[in-house]
Amino acid sequence: PVESATVGFEGMIGVPVVLGAATTHSQALGQVAGAAARVDAGRFRAWLGEADGASALLLRYAQALLEQTAQSVACNRKHSLEERCARWLLATRDRVGANDFELTHEFLAAMLGVRRASVTVAAGMLHQAGFIKYSRGKVTVLDGLGLEQAACECYGVVRVQHERLLGDGPATA
């Protein structure tokens, strides 16, 4: 697998259902422990028909997710591993809503499409700069602003679009 989008407390997987599809070829992987809700697609579609404003909100969310996916594709092609690693850690922090989260080198390597050893080097550089603490599968963002400066511009582009379409998220800087 390679990361194409990150979903957290503010979002959902199953956007194709919102768009009217019955199936999708995509696979969702849980990377950080937490609570989640699951609902049958048919019941969800019925609720969408009844809930005032829900369809409009979820269509804006679908646009935000598409923007994130498109930016991720460009980012994976154009930017260095260290920049992409910083972007990915910031996006995960935003989706989790906390500066501390569990994340293994192996999972991060899979999401970035690189070898585990490459993640060790990139995360080590971010750690040495004082932006993160990374030990035994646990990440702590120590300096969010510094990490943003280490990330490519893709993080900011996605964040601005997300805020424009869905409103402000949690304050974690």
Ignoring hydrogens, what is the shortest heavy-atom contact between [X] and [Y]? Give both atom names and the distance.
X: E82; Y: L126; answer: OE2-CD2, 3.8 Å
X: A150; Y: F131; answer: CB-CE1, 3.8 Å
X: A123; Y: I132; answer: O-CD1, 3.8 Å
X: L166; Y: A64; answer: CD1-CB, 4.1 Å

Please round to the nearest 0.5 Å and tell me the distance separating atom [atom1] of [X] and atom [atom2] of [Y].
X: M111; Y: L89; atom1: CE; atom2: CG; result: 13.0 Å
X: Y61; Y: Q68; atom1: OH; atom2: CD; result: 7.0 Å
X: Q63; Y: L58; atom1: CD; atom2: CG; result: 13.0 Å

Do [X] and [Y] share a hydrophobic cluster (ILVMFWY, side-chain heavy atoms under 4.5 Å, transitive)?
X: V7; Y: V158; result: no
X: L108; Y: L142; result: no
X: L57; Y: V39; result: yes
X: V15; Y: L48; result: yes
X: V119; Y: V121; result: no

Do the side-chain N and O atoms of Q161 and R164 include a donor-acceptor pair separated by under 3.5 angstrom? yes
Hydrogens and angles aside, do N99 and T140 bring a side-chain donor and acceptor to less than 3.5 Å of each other? no
Would you find more than 12 non-hydrogen atoms of other residues, nucleotides or ligands less than 6.0 Å from L81 atom CG? yes
Surrounding CE of M12 (heavy atoms of other residues, nucleotides or ligands, distance under 6.0 Å), is the total greater than 12? yes
Do [X] side-chain atoms and [Y] backbone N/O form a donor-acceptor pair below 3.5 Å?
X: R84; Y: L112; value: yes
X: R87; Y: A151; value: no
X: T69; Y: L65; value: yes

Do the side chains of [Y] and [X] get nearer than 4.5 Å, heavy atoms only?
X: C154; Y: S72; answer: no
X: V18; Y: F44; answer: yes
X: E67; Y: Q71; answer: no
X: T92; Y: V139; answer: no

Quick note, ring pair (Phe, Tyr, Trp, His ring centres under 6.0 Å) partners involving residues 70-106, not counting sequence neighbours, are H105-Y134
Testing L147, D94, V160 one by one against Y155 for a side-chain contact (heavy atoms from CB on, under 4.5 Å), which residue passes? D94
Let me see the working for R136 and E102 under salt bridge (charged side-chain N to carboxylate O under 4.0 Å, His left out), right down to the final yes or no. CA-CA 9 Å; R136 299 183 187 264; E102 293 184 15; over 6 Å; no
In plain terms, say whether E106 and R115 are close enough for a salt bridge, that is, a side-chain N and a carboxylate O under 4.0 Å apart. no
